[in-house]
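All residue numbers in this chain count up from 1 along the given sequence. Computed from a predicted structure; not experimentally measured.
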Amino acid sequence: QVQLVESGGGLVPAGGSLRLSCAAQGRTLSTYSLGWFRQAPGKEREFVAGISRSDNITPYLDSVKGRFTIFRDNAKSTLYLQMNSLKPEDTAVYYCAAKRLLVALPPFDYWGQGTQVTVSS
């Protein structure tokens, strides 16, 4: 079973950038499809971006297309989410997730504990 640990969250002004990281412990990430989700206060958790096991499919939430980029470094067993042009509505707890199947879309099986991202206006 893979354990996921997120980092990189914080407070950033609107228009700024952050890079989230998700490190895998106990397993290499190369055999998993991966994803990022977020949950804002009072809202349901939503899928933000995914990257398939073969890296050739990367679906995104429409509202983050062109601003966020998901990628991974299998040698470091780490998943990343580069977030640019951040908006206050991006404020949420961000979670990384993993699954064994090929398609990087929900549902996912393994979850990290989350990292807070706050974008000030």
Cluster companions of L86 among Ile, Leu, Val, Met, Phe, Trp, Tyr (side-chain spacing under 4.5 Å): V2, L4, V12, L18, L20, L29, Y32, L34, W36, V48, I51, Y60, L61, V64, F68, I70, L79, L81, M83, Y94, Y110, V117, V119
For [X] and [Y], which heavy atoms make the closest approach, and how far apart are they?
{"X": "T91", "Y": "Q116", "answer": "CG2-NE2, 4.0 Å"}
{"X": "A40", "Y": "A92", "answer": "N-CB, 3.8 Å"}
{"X": "F47", "Y": "A104", "answer": "CZ-O, 3.4 Å"}

In Å, rounded to the nearest 0.5 Å, how long is the span from [atom1] of [X] to [atom2] of [Y]?
{"X": "Q113", "Y": "E6", "atom1": "CD", "atom2": "CD", "answer": "4.5 Å"}
{"X": "R38", "Y": "E44", "atom1": "CZ", "atom2": "CD", "answer": "14.0 Å"}
{"X": "N74", "Y": "R53", "atom1": "CG", "atom2": "CZ", "answer": "12.0 Å"}

Report yes if the side chains of [X] and [Y] come closer than 4.5 Å at any heavy-atom pair, otherwise no.
{"X": "Q82", "Y": "F71", "value": "yes"}
{"X": "S54", "Y": "L102", "value": "yes"}
{"X": "R72", "Y": "T78", "value": "no"}

Is the backbone of [Y] close enough, under 3.5 Å, to the side chain of [X] for a donor and an acceptor to pair up by distance?
{"X": "T115", "Y": "G9", "value": "yes"}
{"X": "R45", "Y": "Q39", "value": "no"}
{"X": "S52", "Y": "I57", "value": "yes"}

Run the ring-ring contact (aromatic ring centres under 6.0 Å, His included) test against F108 and tell me which residues pass, sequence neighbours left out. F37
Can you find a side-chain donor-acceptor pair between R100 and T31 that sits under 3.5 Å? yes
Run the side-chain contact (heavy atoms from CB on, under 4.5 Å) test against T28 and tell me which residues pass, sequence neighbours left out. S30, S77
So does D90 pair up with K87, basic N to acidic O under 4.0 Å? no
